[in-house]
Structure formats: structure tokens, C-alpha cells
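As the structure lists them, so they are numbered: ligands from 1, and atoms in each ligand from 1. Just the heavy atoms: all of them, side chains too, but no hydrogens, waters or symmetry mates, feed the values below.
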Amino acid sequence: MDISRLLERYTGGDRRALARLITLVENRTPEVPAIMRELYPRVGRAMLIGLTGPPGAGKSTLGDKLIAAFRAQGKTVAVVAVDPSSPFSGGAVLGDRVRMQEHFLDPGVFIRSLSTRGRHGGLARATREVVHVLDAFGHDVVIVETVGVGQTELDIMGLAHTTVVVLVPEAGDTIQVMKAGLLEIADVFVVNKADRDGARRLKNELEVMLHLRPAAAWNVPVLLTEAVANKGIDDLVTQIVAHGATRRASRTAENDARDRVVEWTEILRDELSQRLDRALAGKSFTSIEERLRAGDLDPYGAALEVLEDRDRLRVLLGGAG
Ligand SMILES: Nc1nc2c(ncn2[C@@H]2O[C@H](COP(=O)(O)OP(=O)(O)O)[C@@H](O)[C@H]2O)c(=O)[nH]1
Ligand SMILES: [Mg+2]
């Protein structure tokens with residue numbers, strides 16, 4: 001397949017080329033670094049919003065309302081759902097699907113789910129790259145939805161400019177919020193399903209918890225929403241935009257420089273590990289494996305044999321199978 005032709009179509013605004021590029025990135029094809037290098041100069045214009053919180057909190061419903069709110073402002077919006085149970089990935093009740101159809105037909109909206117199946121690591125990196133691809137395409141807003149449970153999800157939220165943590169009254173346990181590390185990552189708290197009992201109490205608890213922290217340039221607000229009824233969405237949009245402005249005002253060139261170095265080391269680590277996997281799956285190390293199997297060589301000796309052999313390392317680093 002001709003990558004440069006694909007990139008040309010992508011640059012020309014072809015949504016099918018966009019979808020195809022995302023698939024390549026998602027499948028971790030060896031061309032990923034070369035593809036990303038082409039796009040990179042155009043990365044950094046979109047507003048990146050993270051939506052995280054427990055399953056069923058209403059993240060997708062809120063995402064849907066945020067799409068509508070930003071579209072009403074004339075902005076283009078992309079959504080990446082890294083959530084196996086997300087309506088975007090087919091885990092939806094029919095009503096959700098029908099509701100999303102409206103956006104599917106809108107050329108100003110691009111929705112994509114990322115599969116989490118069969119992935120060892122690298123999900124955070126793949127998600128970041130998908131976000132880069134959507135950003136460089138020219139979307140004004142990119143929303144990333146994850147289930148707020150583990151380290152990978154916290155890592156993914158690290159790429160958002162503004163992280164919105166969505167909670168609901170029935171899961172109204174502020175201790176869990178602390179344990180899950182959500183207090184540290186939240187730029188905006190949303191207590192959704194405010195039509196249910198306990199929403200105000202949860203809001204108060206969160207505010208008390210937030211007050212215990214040292215004062216900062218941005219005071220994390222706790223908002224009440226009723227996503228289904230489209231209540232509280234305008235306020236949420238206002239706070240997201242305000243946080244983005246505060247963040248931009250306090251960010252230095254040094255922040256950007258450090259991020260670039262961190263991203264570089266992540267790319268290198270991940271690419272080297274993929275190259276090793278390909279080399280191991282191929283025939284590069286057949287003789288070593290045979291001697292290991294026969295017991296003629298121990299694992300450390302076998303590792304050193306590769307590490308101390310420049311020719312073998314070159315094969316490995318060259319990415320050949
Ligand atoms: N009562 C009530 N239900 C809501 C509200 N927001 C979302 N829901 C419902 O909660 C369920 C889970 O919503 P969803 O957006 O899929 O949650 P997600 O798993 O966090 O993405 C759906 O049945 C929604 O219709 C709300 O404000 N009030
Ligand atoms: Mg969802």
C-alpha cells in the first residue's frame with residue numbers, strides 16, 4: 001500500500017484516508033513512526049478533552065452532548081472511545097446507537113473506538129497517536145473516553161489538556177476516588193445523574209476533599225449534570241474552555257520540551273520492543289533458540305550472545321524478521 005498517497009488524501013481532508021491511517025496506527029504497523037513524522041508538524045492545534053470515570057457514569061452520553069455543544073459553536077469534533085463497553089464500540093443499547101447515528105452523518109464529527117483486546121502494552125501510545133492523527137487532520141476538539149480504572153487509563157488521560165472525571169451519586173464513595181488516583185488527574189469533576197439522590201452530597205464531599213489541597217492557579221470545579229436531559233452541559237463546556245485557557249497561560253516552553261523528550265523515549269522503548277518481538281517471531285535467532293532448547297546454552301548466555309554481537313544487534317534494530 002502506498003503510504004505517501006494515503007497521506008496526501010488525508011491531508012486533502014479525505015475521511016476515508018483518515019480512517020485508514022487510524023487503522024494502521026492501531027494495528028502498530030512498522031510504518032507508524034514514518035507516518036507520524038509526516039503529520040507531526042500539524043499536531044497541537046486541537047483542544048484535547050479526556051472523559052473518564054466508572055462504567056455507566058454517563059461518559060458517552062456526556063460526550064454526545066459535548067459533541068452537540070461544540071458543533072453548535074461551529075467546531076469540528078472527533079471522539080476516541082477506549083472503552084470496550086462504549087456505545088461507540090457496539091456495546092450499546094439500541095437507543096444509544098440510534099442517537100449516535102445523527103452524529104455519524106455529520107461530516108464535522110468523527111467517532112472511533114479503539115479495541116483494547118489482545119493488547120499487552122502500548123495502548124496509551126496508540127491512543128496518543130490516534131489523537132495526533134485526528135488533531136493534525138484539523139479537528140478543533142478531540143474527546144477521549146476511557147473507563148477510569150487502571151494505570152493505563154491514567155496514562156491515557158495524561159495526553160488530555162483537560163481531564164473531566166465523571167462520577168455518579170450511587171458510586172458516591174470519595175475514598176474510591178482517592179484510591180483510583182482520580183483526584184490527581186481531575187481538572188473538572190462532574191457529578192452526573194444529578195436527577196438522583198445523593199448528587200449534592202457527593203458534590204459537597206468532593207469540594208471538601210479539593211479544599212484540603214494547596215491552592216493552585218486552577219481551582220477544580222465540581223459540576224452537577226444530567227446528561228440525558230442535557231442539563232449542565234453549557235457550564236461544563238465553559239469550564240473546559242476556561243481550564244484550557246488557564247493551562248495555556250501557565251505552560252512554559254520547558255513543559256513542551258520535557259513532553260517531547262518523554263514522548264521520544266516512549267516511542268523508542270515501544271518500537272525497540274516491537275522490533276524484538278518481530279525478530280523473535282522470525283528466523284533471526286533460530287540457532288540460539290535451538291541451543292537453548294537442547295540445554296547447550298543458558299538464558300543469560302543466550303541473551304549476552306545477542307547483546308555482545310553487533311551484527312545480531314544490527315539485524316534486531318533494523319527491524320527485520
Ligand atoms: N438518570 C440518569 N441516567 C443517565 C444520565 N446520564 C446518563 N444516563 C444513563 O446511564 C447509562 C450509562 O450511560 P453511558 O453514557 O453509556 O455511560 P458510560 O459507561 O460512562 O459511557 C445510560 O443508560 C444512560 O442513558 C443522567 O443524567 N441521569
Ligand atoms: Mg461509554
Next on the checklist: I need the atoms of ligand 1 closer than 4.0 Å to a non-hydrogen atom of Glu145, numbered in the order shown.
Outcome noted: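 Near Glu145, the atoms of ligand 1 are 21 (O).
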
Item to check | Close-contact set for ligand 1 against Glu226 heavy atoms, below 4.0 Å | outcome: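 This gives 27 (O) as the contact atoms.
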
Do [X] and ligand 1 have an N or O pair less than 3.5 Å apart?
X	value
Ala194	no
Pro55	no
Thr225	no

Checklist entry - Which of these, Asn192, Thr61, Leu224, has its nearest heavy atom closest to atom 6 (N) of ligand 1? => result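 Closest candidate by heavy-atom distance is Asn192.
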
Checklist entry - Side chains of Ser273 and Arg278: donor-acceptor distance under 3.5 Å anywhere? => result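 On atom types as modelled, these side chains do not qualify, holding no pair under 3.5 Å.
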
Item to check | Partners passing side chain to side chain donor-acceptor pair (under 3.5 Å) against Thr252 (at least two apart in sequence or in another chain) | outcome: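 Here the qualifying residues are Asn255.
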
Next on the checklist: Restricting to N/O/S atoms, is Thr61 within less than 2.8 Å of the Mg ion (ligand 2) or not?
Outcome noted: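 Short answer: no, not a single N, O or S atom is under the cut-off.
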
Checklist entry - Hey, is CZ on Arg200 packed in by over 12 heavy atoms from elsewhere, all under 6.0 Å? => result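 Atom CZ in Arg200 is not crowded, with 12 or fewer foreign heavy atoms closer than 6.0 Å.
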
Between side-chain atoms of residues 212-232 and protein atoms elsewhere (two or more places apart, or another chain), which donor-acceptor pairs fall under 3.5 Å?
residue : atom : partner : partner atom : Å
Arg213  : NH1  : Leu183  : O            : 3.2
Trp218  : NE1  : Asp187  : O            : 2.7
Thr225  : OG1  : Asn192  : OD1          : 2.9

Checklist entry - Do Arg125 and Glu263 meet the salt-bridge criterion of a basic N to acidic O distance under 4.0 Å? => result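 Looking at Glu263 and Arg125, the cut-off is not met.
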
